[in-house]
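Structure record follows, encoded as structure tokens.
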Amino acid sequence: MQTCPECQSSLSTPLVCLDCHALLPQTPGQTPSPFDALGVELGWRVEGKALKKQLLKLSRAVHPDFFATADEATRNRAEDASALLNSAFETLKDDFKRADWLVKVLGGPSDSEERQMPRAFLMQVMEWNEVLDDARSAAQGSAEWNAVAELESELATEREARFSAIAKQLDPLPAKGAGDLAPVRQELNAVRYIDRTQAEVKQLKLQATLGPKS
Amino acid sequence: MGYIELNVLNNETSPQAMGIDLGTTNSLAATWKDGRPVVIKPEQAGNGSIPSVIHVAEDGTVLVGRQARDKAMVDPRHTIFSIKRFMGRGIADVQEELKSFPFPVTEDENGVIQVQAHGKAYTPQELSSLILMRVHDLACRSMGGAEIQRAVITVPAYFDDTQRQATRDAARLAGIDVLRIINEPTAASLAYGLDQSAAGTIAVYDLGGGTFDISLLSIEEGVFSVLSTNGDTHLGGDDFDRALAGLAMEGLAEQLSPEELNDPGLHQAARLAGEKCKMELSTRPEADLHVVLPESGVHFRRRVTIEEFDELVAPLVERTLDSCRQALADAELEPSDISEVVMVGGSTRMPCVQAAVENFFGRLPHTELNPDEVVALGAAIQAHILIGGSRDLLLMDVTPLSLGLETVGGAVSKIIARNSTIPCSATEGFTTYADNQTGIEFNILQGERELAKDCRSLGQFKLTGIPPMPAGLARVAVRFHVDADGILTVSSREESTGAKASISITPKNGLTDEAVEKMLADSLTNAREDFEAGRNVGLVAELGTMIRATNKSLPDVEEHLDLETLADIREAIEASQAASAAKVLDGKELQRVRDLLERATMPLAAVLMDGVAKKALAGKSLRDV
């Protein structure tokens with residue numbers, strides 16, 4: 001762990017010293033990792049509440065609101081540190097973004113290098129598409145239409161299943177370069193597919209509620 | 001004549017920042033005093049609010065505020081209203097507004113509107129800066145001439161980058177040091193102290209003079225996020241006035257000929273009568289709709305009951321609720337999910353509006369604070385925090401619209417998603433597609449739509465200075481940063497060589513930094529001069545009124561005043577007349593004689609007040625008092 005160049009106390013984040021409130025200089029091009037920025041342990045498991053608490057605690061030390069009357073360099077430092085914290089929080093609190101970040105950092109394939117989805121999943125995709133196609137042309141209240149509600153809960157369950165599969169491979173975290181991360185990427189591709197399907201379901205339902213009105 | 005100071009400001013604690021609500025119809029300032037936010041009430045602007053109105057006379061003299069609004073009656077062709085609607089917009093965006101706009105309007109090569117008033121071009125930024133200057137100047141003067149340069153300025157939650165930038169530029173032109181731009185609904189929530197609650201969803205219902213906004217915010221451990229906003233940019237109190245005016249015109253149609261009915265003066269009088277009647281109906285079950293035009297012999301009176309009024313304006317109220325429904329649908333919420341409702345804007349005083357909102361959300365809305373003041377009060381709280389007055393509260397707002405880049409084929413690639421907590425930044429990598437290419441151009445977009453043509457372009461960004469190398473080898477990192485004001489800045493570097501690629505920005509509908517600097521350098525002096533000239537004209541008018549009032553009442557009370565006081569009054573009147581008649585008006589001198597006259601007439605005012613009280617009490621026994 002690093003120490004503060006101003007007061008030598010040990011740092012929980014490279015952005016700011018919580019003891020002497022000094023905003024610390026950053027090396028251009030070397031952005032601290034989201035885990036480092038927020039001062040939480042690197043790993044798959046994060047606790048949402050603790051993460052939020054950490055964000056607010058650190059924001060109270062770096063937010064530009066508390067440096068509004070400082071010189072420009074300090075204001076810029078506060079802007080940068082605050083932006084970094086916010087994006088670190090966005091990355092870590094979201095299961096998809098966190099997994100995506102971990103896969104990349106551990107040397108795994110990106111979504112353009114590994115485009116496959118798990119094989120068993122593909123069969124389900126075809127079934128879902130059929131349900132959606134049928135519902136699009138069906139009247140509200142018909143059996144085809146009611147199948148959408150079932151699809152919705154199925155999608156939610158499936159999404160959870162994908163993440164438990166991911167957790168099995170990322171917890172504990174494999175060492176960099178060790179282990180094959182392509183399966184994790186495939187799971188993530190499946191999650192993305194589920195998210196798109198969920199958006200379609202939402203759109204379909206929205207059109208149905210607005211339909212008679214407009 | 002002298003005013004009795006009832007609200008003496010304590011000069012011991014000098015506040016160092018103010019909050020300014022720069023509104024479409026009215027603007028006002030507030031500051032922090034004795035542990036709470038207070039609206040600054042200059043005596044020239046009774047309740048503190050200053051009409052966001054500008055009058056440009058043939059000789060180029062600019063009047064701002066109340067004096068400008070008074071001119072609207074006699075010289076509507078040179079009076080500018082609602083300039084806020086033009087901020088950061090192009091001509092194509094403001095077609096509706098232009099129908100009633102008094103001056104010809106053009107656009108410069110960057111799409112910035114130019115108002116052509118008597119041979120001089122003004123941008124909306126410059127016009128807004130005149131309003132800000134007026135608000136700021138009156139506020140400083142009423143606080144004993146304090147120099148408060150720092151301010152928080154509010155904007156609607158839906159304002160995009162260009163509109164926020166335009167607001168910040170206007171403040172810069174006004175010589176104000178902008179501490180922060182914050183969202184109006186967030187400010188209103190702050191004023192009500194809703195940041196104290198642990199968690200909840202807040203609806204801010206803002207019905208102003210000419211606009212309606214509904215914003216849904218979520219609050220979680222001091223973090224405000226805008227969930228959705230909706231509204232109607234052409235629905236406000238004025239429409240309610242017009243509904244009543246229509247009622248008056250119907251009645252007048254029975255008395256007058258069609259030509260007489262077409263008189264613009266009559267329409268104006270009917271609208272004012274409607275406004276007065278509406279305001280009375282906010283506190284009484286019935287009121288008179290009273291239109292008088294002595295010169296044309298028009299005299300019309302009609303009683304309006306609150307039931308009649310409610311029915312008349314029900315369609316208008318319903319339109320606001322439609323917007324609320326849409327905002328809820330966008331946020332995927334039900335009315336019952338809302339934990340607090342905040343009322344903003346003078347039009348929310350109408351009982352029918354309050355009842356409709358209460359009924360819609362199923363809870364009593366907050367109306368404890370003056371709805372005209374809540375936004376300015378919230379801005380003052382934030383200003384107080386920003387100058388280091390408090391660390392208890394941290395406001396974290398979000399960006400209302402997504403930022404993206406136009407990609408090949410006219411699609412949008414999102415860089416920063418809407419509702420990201422600000423400040424936020426994202427870095428995007430670019431490369432060259434031709435050998436030895438040294439520049440890359442891209443179009444930055446704001447909006448939620450999939451296609452570039454459906455989003456709003458913030459401008460064309462041009463990256464130059466990339467070292468020559470084979471295609472695809474250059475790695476240019478472009479960093480997009482949305483600051484705490486919600487305004488975008490772009491910077492870049494070439495990563496393989498570390499060369500700093502430079503970036504030039506041609507904003508759409510916005511001013512470049514150089515343009516603002518130039519305006520500051522040359523036309524600011526002009527604007528200041530114009531502004532001072534306008535202020536001097538106002539002071540002369542005020543002196544005239546004071547002298548007339550003094551001369552009128554002096555004979556009645558002369559016997560009650562001592563000789564010294566009388567001599568002081570006469571001397572002050574003479575000095576005032578001399579200063580008003582000067583060939584070149586001297587602002588400092590005018591202010592001095594105004595203060596002199598005010599002080600000299602103080603005893604006279606006291607005697608008059610006394611007389612009024614005696615008269616009122618005359619013939620009454622003590623028991624009746």
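Letters go in sequence order (proteins before strands), and every chain restarts at 1. Just so it is clear, the values below take in all heavy atoms, side chains as well, and ignore hydrogens, waters and symmetry mates.
The 12-atom threshold is not exceeded at CD of A:Glu150, counting heavy atoms of other residues, nucleotides or ligands nearer than 6.0 Å. Counting non-hydrogen atoms of neighbouring residues, nucleotides and ligands closer than 6.0 angstrom, the CD atom of B:Gln149 exceeds 12 such neighbours. Shown here is B:Glu448, whose CD atom has more than 12 heavy atoms of other residues, nucleotides or ligands within 6.0 Å. Annotation for B:Lys414: atom NZ counts as buried by contact number, over 12 foreign heavy atoms lying within 6.0 Å.
Chain B is approached within less than 4.5 Å, heavy atom to heavy atom, by A:His63, A:Pro64, A:Asp65, A:Phe66, A:Ala68, A:Thr69, A:Glu79 from residues 62-79 of chain A, ordered by number. Of all residues spanning residues 33-50 of chain A, none has a heavy atom less than 4.5 Å away from chain B's heavy atoms.
When heavy atoms are compared at a cutoff of 4.5 Å, B:Ile422 approaches chain A solely by way of its backbone atoms N, CA, C and O. With a 4.5 angstrom heavy-atom cutoff, A:Lys53 does not touch chain B via any of its atoms. Looking at A:Ser59, the atoms closer than 4.5 Å to chain B (heavy atoms on both sides) sit in the backbone and in the side chain alike.
The side-chain heavy atoms of B:Pro423 and A:Asn86, taken from C-beta on, include a pair separated by under 4.5 Å.
B:Arg479 contributes atom CZ, which lies 8.5 Å from atom OG1 of A:Thr31 (distance to the nearest 0.5 angstrom).
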